[in-house]
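To start, the structure itself, in structure tokens.
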Amino acid sequence: MPLRVHDTRRREKVDFSTMSPGKVSMYICGVTVYDLCHLGHARCYLAFDLIHRWLEKSGFDVNYIQNFTDIEDKIIIRAQENGEDWRELVDRNIATYFEDMDALNILRADKYPRCTDYVEQMIEIITDLIQKENAYVADDGVYFDIESAPEKYGSLTGQNIEAVRQGAGGRVDDTGSSKRDHKDFALWKKAKPGEPTWDSPWGEGRPGWHIECTAMSMELLGAQFDIHGGGHDLRFPHHEAEIFQGECHTGIEPVVHHWLHNGFVNIDGEKMSKSLGNFWTIKEILEKVDPMVLRLALINAHYRSPIDMNEQLLTDAEKNMARIEDTYRKVLLAEEEEPVQLPRAEITSGLPLGRSLGLLEVMASDFAKAMDDDFNSREAIAKLLAAMREISRMMSELSGDDLAAYAGYCVEWIEEHAGQILGLLKSRAEILAEAEEDPRRAEITEKVEQLLVKRAEVRTAKDWAAADAIRDELTTMGVVVTDTSAGPTWDIL
RNA sequence: GCACGGGUGUCAGAGAGGCUAUGAGCGGGAUUGCAGAUCCUGAGACCGGAGUUCGAAUCUCCGCCUGUGCUCCA
């Protein structure tokens with residue numbers, strides 16, 4: 001089954017194709033580094049991380065470019081507020097960006113260009129656009145003239161140029177700048193006092209926001225490339241501006257073959273925004289939940305749908321994550337090195353083991369179908385959880401060599417799907433050592449062991465009241481006891 | 001107002017003409033002294049109205065509700 005993706009420009013799912021066989025060129029709009037990253041950024045880069053992983057898994061060689069916008073009004077303002085050089089601010093925020101993304105197990109892009117390194121290319125493009133009369137020089141900057149290519153207007157949002165003109169009403173007259181029409185957008189802004197500046201044929205100044213992505217994507221990927229993505233809000237005006245700039249400059253269209261946009265994160269039903277006071281940074285939320293839990297919560301919806309972030313979403317994710325990790329731990333402990341012959345995998349097999357392997361194969365193929373259908377991670381996770389149940393069920397029926405061999409197969413199954421593709425798995429060592437590594441464990445081990453011995457005694461005497469009293473005592477110490485067939489185990493809550 | 005998405009059980013959230021979504025919660029059962037974990041299992045849904053069809057949550061039309069964009073924003 002071929003990979004299908006929803007393309008914003010064509011407004012439907014289309015077969016995915018690449019310009020050069022086996023290779024994918026992908027440009028994703030990065031962050032403007034004036035502040036810490038928030039949940040919305042996490043969701044966006046998680047969405048494209050999944051796309052990145054799935055494309056590679058499907059055999060494509062992906063060239064993934066993600067930029068940093070390191071010069072922009074908000075950066076200048078924030079740096080002034082902080083009384084620091086804008087470069088310091090930018091460097092610090094880029095460093096924390098990587099901390100956040102690494103914590104969420106987001107694979108690195110191939111390149112992270114900064115727009116200030118591409119001013120020269122931007123100037124070239126702007127010069128050419130002026131020459132082709134797609135842009136004009138005004139008092140306070142250079143602007144793109146929308147009327148020079150009106151047919152491109154609304155290509156991502158379906159907006160009609162006439163309707164917008166009428167709807168805009170009075171705003172058309174007062175643009176607050178020297179541009180001719182309110183729809184035109186800045187390519188170059190002439191410097192105001194105290195601002196960082198670059199030399200240009202139009203005097204000192206700095207680039208407009210939209211031109212940077214055109215310059216960087218063109219320089220690094222060429223006049224046309226396969227995937228361009230970003231948040232839903234970037235469709236207009238940012239990405240439409242890129243279509244104007246790129247296509248008018250090169251005369252080649254479409255500049256982008258597949259436009260992909262991810263949905264937003266809402267908090268308790270409201271749009272996340274600073275003014276509403278419901279703004280969560282990644283750092284804040286990671287103080288409360290494990291990064292893999294957050295990752296699961298955010299990929300547990302289709303990337304184009306909005307997500308409503310709330311407590312229940314996180315507790316659901318917590319439980320499901322624990323279930324995945326527990327199953328993974330179980331199979332890791334049961335797996336054996338020696339190769340044991342497994343029966344043929346087929347769901348019609350008379351052997352329970354063969355049937356179970358067959359079921360896992362079917363689930364793997366359903367998982368792949370889901371990912372091929374516009375990267376439907378939600379559906380893929382449903383298959384993963386179904387597999388966890390099947391594995392758990394089968395494990396309890398097996399013993400000896402069969403169990404060891406089956407567990408070995410399951411380790412690979414889980415590592416491939418939950419690990420490589422969904423990026424949800426911690427390392428083997430972490431999974432196995434997690435409980436033991438708690439530093440508090442050493443301090444209380446002796447006390448806990450004593451209490452457990454005492455509890456074992458009264459349990460043998462069937463004095464359940466005394467046994468429960470001991471367990472309550474342990475609970476107040478923050479220790480949870482779990483009875484298993486091999487005796488009690490305990491963990492720190 | 002214009003544009004683009006949505007409205008699925010208690011909640012979250014897939015599916016897109018006939019076939020179990022999945023998870024949490026709730027009910028029953030196995031295991032267990034109990035609890036937890038695990039497994040088996042039950043109840044429970046497709047906004048309203050028309051239409052197309054042998055058959056519609058899925059397609060068409062109308063209505064209602066809702067999110068986002070139209071200004072910096074992932």
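Please read all numbers here as calculations on a predicted model, not as lab measurements. The basis for the numbers below is simple: all heavy atoms, side chains too, and nothing from hydrogens, waters or symmetry mates. Convention: sequence-line order gives letters A, B, ...; per-chain numbering from 1.
- In this model, no side-chain donor or acceptor of Arg393(A) finds a partner on the base of rC40(B) within 3.5 Å.
- The pair Asp326(A)-Arg323(A) fails the salt-bridge criterion, with no side-chain N (NZ, NE, NH1 or NH2) lying under 4.0 Å from an Asp/Glu carboxylate O.
- Between the side chain of Thr475(A) and the backbone N or O of Arg471(A) there is at least one donor-acceptor pair closer than 3.5 Å.
- Taking the nucleotide of RNA chain B with the nearest heavy atom to each of Arg235(A) and Ile307(A), the more 5' of the two is matched to Arg235(A).
- Side-chain proximity of Trp209(A) to the nucleotides rC34(B), rC4(B), rC72(B) is greatest for rC72(B).
- In terms of modelled atom types and a separation under 3.5 Å, the side chain of Asp226(A) and the main chain of Ser25(A) share a donor-acceptor contact.
- Only the C1' atoms considered, rG25(B) is 39 Å distant from rC61(B), to the nearest whole Å.
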Grab the N/O contacts between the protein and nucleotides 17-19 of chain B below 3.5 Å, and write none if there aren't any.
none

Show me the protein contacts with nucleotides 59-61 of chain B, counting only N or O atoms at under 3.5 Å.
none

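- In this structure, Arg108(A) forms a cation-pi arrangement with Phe98(A), its terminal cationic atom sitting closer than 6.0 Å to the ring centre and no more than 45° off the ring axis.
- The existence of a salt bridge linking Lys283(A) and Glu99(A) is confirmed by a sub-4.0 Å separation between a basic side-chain nitrogen and an acidic carboxylate oxygen.
- We find that Arg206(A) and Asp73(A) are joined by a salt bridge, their nearest charged nitrogen and carboxylate oxygen being less than 4.0 Å apart.
- Contact annotation for His302(A): backbone-only contact, meaning every heavy-atom pair under 4.0 Å involves sugar-phosphate atoms and none involves a base.
- Checking side-chain atoms of Arg329(A) against main-chain N and O of Ile431(A) turns up a donor-acceptor pair under 3.5 Å.
- In this structure, Asp49(A) contributes its side chain and Leu107(A) its backbone to a donor-acceptor pair below 3.5 Å.
- In terms of polar N and O atoms assigned as donor or acceptor, the side chain of Arg304(A) never comes within less than 3.5 Å of the base of rG5(B) in a complementary pairing.
- When each of rU38(B), rC4(B), rA74(B) is scored by its nearest atom to the side-chain atoms of Lys330(A), the top-ranked nucleotide is rU38(B).
- Both geometric conditions, a ring-centre gap below 5.5 Å and a plane tilt below 30°, are fulfilled for Phe264(A) over the base of rA74(B).
- Nucleic acid contact class of Thr482(A) (heavy atoms, under 4.0 Å, all strands): base.
- Among the heavy atoms of the strands lying under 4.0 Å from Arg455(A) is at least one base atom, whether or not backbone atoms are also near.
- Among rC4(B), rG33(B), rA14(B), the nucleotide with an atom closest to any side-chain atom of Asn376(A) is rA14(B).
- Using a 4.0 Å heavy-atom criterion, one finds that Gly263(A) contacts the bases of the nucleic acid, with or without backbone contacts as well.
- Formation of a donor-acceptor pair under 3.5 Å by the Arg9(A) side chain with backbone atoms of Trp259(A) is not found in this model.
- rU8(B) and rA30(B) have their P atoms separated by 37 Å, with the value rounded to a whole Å.
- Taking the ring-ring contact (aromatic ring centres under 6.0 Å, His included) definition, one finds that Phe48(A) meets it with nothing, sequence neighbours left out.
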Would you tabulate the side-chain donor-acceptor contacts of residues 228-235 of chain A under 3.5 Å, counting partners in other chains and residues two or more places apart, or write 'none'?
residue	atom	partner	partner atom	Å
His228(A)	ND1	Glu242(A)	OE1	3.4
His228(A)	NE2	His239(A)	NE2	3.4
Arg235(A)	NE	His232(A)	O	3.2

With 3.5 Å as the limit, what N/O pairs link the protein to nucleotides 22-27 of chain B?
residue	atom	partner	partner atom	Å
rU22(B)	O2	Arg378(A)	NH1	2.8
rG23(B)	OP1	Arg389(A)	NH1	3.3
rG23(B)	O2'	Asn320(A)	OD1	2.8
rG23(B)	O2'	Asn320(A)	ND2	3.1
rG23(B)	N2	Asp316(A)	OD2	3.3
rA24(B)	O4'	Asp316(A)	OD1	3.4
rA24(B)	O3'	Lys319(A)	NZ	3.3
rA24(B)	O2'	Asp316(A)	OD1	3.4
rG25(B)	OP1	Lys319(A)	NZ	3.2

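- At rG67(B), none of the side-chain N or O atoms of Asn266(A) fall inside 4.0 Å of OP1 or OP2 (strictly under the cut-off).
- In this model, the phosphate group of rA35(B) is not approached by any side-chain N or O of Trp464(A) to a distance below 4.0 Å at OP1 or OP2.
- The 5' end of RNA chain B is approached more closely, in terms of each residue's nearest nucleotide, by His6(A) than by the other of His6(A) and Glu390(A).
- Counting non-hydrogen atoms under 4.0 angstrom, Gly158(A) reaches the backbone sugars and phosphates but no base.
- Partners of Ala404(A) according to the side-chain contact (heavy atoms from CB on, under 4.5 Å) rule, which considers only residues two or more places apart in sequence or in another chain, are Glu336(A).
- Set against rA14(B), rG33(B), rA74(B), the side chain of His38(A) has rA74(B) as its closest nucleotide.
- Between Lys74(A) and Asp35(A), none of the side-chain N atoms (NZ, or NE/NH1/NH2) sits under 4.0 Å from a carboxylate O, so this pair counts as no salt bridge.
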